[in-house]
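Structure record follows, encoded as structure tokens.
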Amino acid sequence: MLSSTATTMLRAGVSRSSGALQPMLLRTAACTCSPSFSMNTIKLQQPTTSARHLSTTPSALVLRFRGAQQQQAQQQLRRASSSSPSTSTRPRSDAELDADAAEAAAAAQAAAHAGEPVLDWNTFFKLRKTRRRVQLVFSVIMTLVTSGAGGAVLSTGVADHMVSQVPLEPMFAIGLMTASFGALGWLMGPGIGGMVFNAMKSKYRGQMAIKEGQFFARIKKHRVDPSASSMGNPVPDFYGEKISSVAGYRQWLKDQRAFNKKRTTFV
């Protein structure tokens, strides 16, 4: 009896406990499989720091910094574009305009004499020196010729009325008139000598004109400002008349730089 009652009681307890456990298991299974439970549990289990580390969108401070950089770059471009016309429209000096005009004339002459052989600078300076010597010779010759001719004309008494108007002795007045005739011949000499030289060196005439234009363009471009000269710092060969070779031209450039250095340093 006892054993039978015990077994029945145990069976009843097991059945009750199993009956009580069965709905609990169903609840848990139902809760874990339900969508509401899964969303809540996932939201609770996800750490907040991972979302911060994985976010790649720029913050507001970064966007503001980039915008400020772009504005600065645009302002610099505007300043550069506004300053460039002012530099390009800078008034040019007379020396620069003369140099540009001489270069343009030399280019036009070079285009006009394109078929002729090119003349180098050493040959140009040699021909230039020869031309000056020819002009000097003709200046001396024309001085002698005109002064002699003038003295001969005055000795005939043709200009006695003019001699009497001069408040000097007749001999001094005739001498001054003869000297004036000689000065006139001296001034005529370079023109006549240049024509004779061009007739002698006719094949170099076009190239000589081209080289002279280029040479004077360089002289006008590199010569100093004569307004800054003084007794202690005179202008060194303003027209480049003493240049007779390439080495002389280089020395002339050194003299121009020395003049500018003296002018700026007040030596």
Side-chain angles (χ1 to χ4, degrees), residues 95 98 101-102 105-106 109 113 119-220 222-224 226 229 231 233-253 255-256 259:
D98 292 340
Q109 290 178 354
H113 302 278
L119 188 68
D120 60 288
W121 285 107
N122 291 319
T123 307
F124 165 73
F125 282 118
K126 289 179 182 179
L127 292 173
R128 191 166 178 257
K129 186 187 294 185
T130 303
R131 184 180 61 185
R132 292 188 66 181
R133 288 177 179 175
V134 171
Q135 289 175 346
L136 179 62
V137 169
F138 272 88
S139 293
V140 174
I141 293 174
M142 291 303 297
T143 300
L144 296 175
V145 169
T146 54
S147 60
V153 170
L154 292 174
S155 63
T156 59
V158 176
D160 288 342
H161 179 70
M162 295 178 61
V163 170
S164 63
Q165 298 295 327
V166 179
L168 293 172
E169 292 291 331
M171 294 297 296
F172 286 104
I174 293 174
L176 288 175
M177 290 182 179
T178 305
S180 62
F181 280 111
L184 181 61
W186 178 268
L187 295 177
M188 292 170 59
I192 299 173
M195 289 189 293
V196 173
F197 175 81
N198 290 331
M200 293 170 58
K201 304 289 184 180
S202 59
K203 62 179 180 180
Y204 297 114
R205 184 175 180 179
Q207 292 297 321
M208 281 284 291
I210 293 171
K211 285 295 182 182
E212 281 184 347
Q214 295 175 356
F215 175 70
F216 287 118
R218 292 171 184 264
I219 293 297
K220 291 177 182 179
H222 296 290
R223 65 187 177 187
V224 297
S229 62
M231 294 295 294
N233 190 22
V235 177
D237 193 10
F238 185 73
Y239 295 102
E241 295 177 348
K242 299 178 182 179
I243 300 174
S244 60
S245 62
V246 177
Y249 174 71
R250 292 173 181 170
Q251 183 62 41
W252 181 82
L253 291 176
D255 295 339
Q256 306 302 309
F259 176 87

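What you see is a predicted model, and the numbers here were worked out from it, not measured in a lab. These values consider heavy atoms only, across backbone and side chains, with no hydrogens, waters or symmetry-generated copies.
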What's the separation between atom [atom1] in [X] and atom [atom2] in [Y], rounded to the nearest 0.5 Å?
X: Leu136; Y: Arg133; atom1: CG; atom2: CZ; answer: 10.0 Å
X: Ser202; Y: Phe197; atom1: OG; atom2: CZ; answer: 10.5 Å
X: Thr143; Y: Leu187; atom1: OG1; atom2: CG; answer: 8.0 Å
X: Phe216; Y: Lys211; atom1: CZ; atom2: NZ; answer: 14.0 Å
X: Lys126; Y: Ser245; atom1: NZ; atom2: OG; answer: 10.5 Å
X: Asn198; Y: Lys201; atom1: CG; atom2: NZ; answer: 11.5 Å

Checking side-chain contact (heavy atoms from CB on, under 4.5 Å) for the pair Phe138/Met195: CA distance, chi angles, key distance, verdict?
-> CA-CA 11 Å; Phe138 272 88; Met195 289 189 293; over 6 Å; no
Please report the shortest heavy-atom distance between [X] and [Y], naming the atom on each side.
X: Asp237; Y: Ile243; result: OD2-N, 4.1 Å
X: Trp252; Y: Pro236; result: NE1-O, 3.5 Å
X: Val224; Y: Phe238; result: O-CE1, 3.6 Å
X: Gly182; Y: Ser147; result: CA-CB, 3.9 Å
X: Met208; Y: Leu127; result: SD-CB, 3.7 Å
X: Ser229; Y: Val235; result: CB-CG2, 3.5 Å

Could you walk me through whether Asn233 and Phe259 pass side-chain contact (heavy atoms from CB on, under 4.5 Å), step by step?
-> CA-CA 7 Å; Asn233 190 22; Phe259 176 87; 3.1 Å; yes
Got more than 12 heavy atoms from elsewhere within 6.0 Å of CZ, Phe172?
->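 Result for CZ/Phe172: open.
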Step through the shown structure and confirm whether more than 12 heavy atoms of other residues, nucleotides or ligands are within 6.0 Å of CZ on Arg128.
->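 Count over threshold, so yes.
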Gln256 vs His222, side-chain contact (heavy atoms from CB on, under 4.5 Å): CA-CA, chis, key distance, verdict | CA-CA 8 Å; Gln256 306 302 309; His222 296 290; 5.5 Å; no
Fit a plane to each ring of Phe125 and Phe215, take the angle between them on a 0 to 90° scale, and name the class: parallel (under 30°), tilted (30 to 60°) or perpendicular (over 60°).
->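 The arrangement is perpendicular - the two ring planes meet at more than 60°.
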Leu144: partners by side chain to side chain contact (heavy atoms under 4.5 Å, CB included), with sequence neighbours left out =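 Expected list: Val140.
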Determine, stepwise, if the pair Gln207 / Phe124 fulfils side-chain contact (heavy atoms from CB on, under 4.5 Å).
-> CA-CA 9 Å; Gln207 292 297 321; Phe124 165 73; over 6 Å; no
